[in-house]
Amino acid sequence: MTSAPLSSDEPVAFRGAFLDFVADPFHQPEDDCVRYLRDGLLVVVDGKIQAFGTYGSLQGAYGELPITDYRDRLIVPGFIDTHIHYPQTEMIAAYGEQLLTWLEQYTFPVESKFADKDYASKIAHIFLDELLRNGTTTALVLATVHPESVDAFLEASEQRGLRMIAGKVMMDRNAPESVRDTAESSYQQTKALIEKWHGRGRLSYAVTPRFAPTSTPQQLAYAGRLLQEFPGVYLHTHLSENENEVAWVQELFPDCAGYLDVYEQAGLVTNRSVFAHGVQLTEEEFNRLAEQGSTIAHCPTSNLFLGSGLFNLVKAKENNIPVGIATDVGGGTGFSLLQTLSEAYKVAQLRQNNLSSFQALFLATLGGAQALHLSDSLGNFGPGKDADFVVLNRQPTPLLKLRNSSDLPTNLQELADQTFALMMLGDDRAVAATYILGKLAHSTDSRL
Ligand code: GUN
Ligand code: ZN
């Protein structure tokens with residue numbers, strides 16, 4: 001008789017310093033929002049957090065479990081990227097254009113390749129490797145107009161057990177034929193994809209009209225109909241990114257009061273809607289988004305790279321609009337949300353505002369989870385949540401060895417200082433390991 005192999009779902013524990021958030025530091029004093037356990041223990045059973053507390057308090061109950069020792073590391077919840085294009089992975093860093101010509105010259109030709117499912121699968125895996133290398137465990141992702149591109153991406157995500165949201169781009173005008181659908185076909189294909197993927201395992205679907213200029217009013221109306229027919233799905237699109245784009249929308253939709261109104265008239269502005277950018281929003285549009293409870297995905301590296309402008313994060317947060325942080329690869333210049341937060345800080349500075357490291361890390365964790373309605377299962381180390389987390393090395397480079405003490409922070413001020421340096425100077429090199437449902441999905445930690 002052979003004994004049963006040790007199940008990989010045996011309870012496991014992780015010991016280290018932990019940082020997460022229990023409330024929003026844009027709205028409450030940081031001390032009430034930040035949870036920092038200098039010597040903590042996270043207990044995981046069947047991919048979920050069973051217990052979380054100081055090592056001292058949990059040692060008695062869980063001290064016999066196999067413990068992975070990360071005692072000089074800083075463990076944070078998995079990062080959440082609220083807007084990213086997987087098919088644009090290979091055209092990141094395309095030179096010299098602003099939004100509309102960038103789309104024509106670089107984006108549409110690359111996206112046309114995703115009619116080929118094998119090609120789409122290959123890029124999907126490269127993309128997911130890159131997310132995990134950077135500590136991103138969940139993302140809201142655009143595929144292309146081709147349904148195969150969604151299948152390829154969600155199959156790859158499913159194989160890895162990842163919590164992902166994605167959708168087929170709907171685009172029936174102002175684009176080459178190779179990346180165009182029709183209002184009717186986009187409706188039928190999206191419906192079939194929702195039925196296949198929404199709610200399957202850890203996956204969800206987002207109805208994804210690309211942006212107003214590439215959809216006819218009829219296609220936008222179909223998108224609205226899908227939201228009515230499938231109440232749990234998301235709406236994901238771009239909004240008010242670039243000045244020329246906003247002017248074009250006004251020409252294309254002369255009967256609408258503004259860019260957001262185009263989406264409102266189609267029934268697309270809801271509390272499950274995620275709008276990327278919002279750089280050019282008017283006062284009324286900020287108010288309307290707040291009333292509807294829609295989310296803005298803030299994409300600072302993309303807004304700088306494409307010369308789109310400086311998003312007003314303070315105004316969005318003052319209006320109580322849920323905001324997530326996003327790379328917007330390939331308009332954005334990297335997969336690292338640490339680097340993206342660094343650029344968000346600089347965008348805030350150019351608007352004479354600040355962004356503390358705790359506010360920034362909140363956006364990448366609990367804030368992102370709340371903005372995507374995922375905070376029941378993601379965003380912090382609350383018991384019962386999914387054990388997706390990132391192990392950060394505070395000293396991954398010679399410069400960060402100099403800047404950050406090898407001693408773990410002993411108070412919130414030191415923690416704010418070390419995490420700020422990590423955000424300004426760190427990137428994928430700071431990600432020592434990424435865990436999905438308590439299992440190692442990426443590691444550079446030679447000690448393991
Ligand atoms: N607006 C419409 N499509 C896109 C895109 O692919 N990237 C960005 N940044 N903006 C868009
Ligand atoms: Zn985008």
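Given the structure is predicted, the values throughout are model-derived calculations rather than measurements. Order of appearance sets the numbers: ligands from 1, and atoms from 1 within every ligand.
Between Tyr263 and Tyr259, the ring planes are tilted. Angles from 30° to 60° get that label. His85 and His238 have parallel rings, their planes meeting at less than 30° on a 0 to 90° scale where 60° marks the start of perpendicular.
Other residues, nucleotides and ligands place more than 12 heavy atoms under 6.0 Å from the CD atom of Glu148.
Considering backbone and side-chain atoms together, Asp328 places an N or O closer than 3.5 Å to an N or O of ligand 1. Checked against a 3.5 angstrom limit, the closest N/O atoms of Arg210 and ligand 1 fall inside it. The shortest N or O to N or O distance between Glu241 and ligand 1 is below 3.5 Å. Between Gln88 and ligand 1, at least one N/O pair is under 3.5 Å apart.
At a cut-off of 3.5 Å, with distance as the only test, no side-chain donor of Ser336 or Asp427 sits close to an acceptor on the other residue. Side-chain N/O atoms of His83 and His298 include no donor and acceptor closer than 3.5 Å. Residues Arg429 and Thr444 have side chains that never bring a donor and an acceptor to within less than 3.5 angstrom of each other.
If you look at Leu99 next to ligand 1, the close heavy atoms, those under 4.0 Å, all belong to the side chain.
Centred on the Zn ion (ligand 2), the angle running from His85 (NE2) to His83 (NE2) is recorded as 110°, rounding to 10°. The OD1 atom of Asp328 and the NE2 atom of His238 meet at the Zn ion (ligand 2) at an angle of about 170°, given to 10°.
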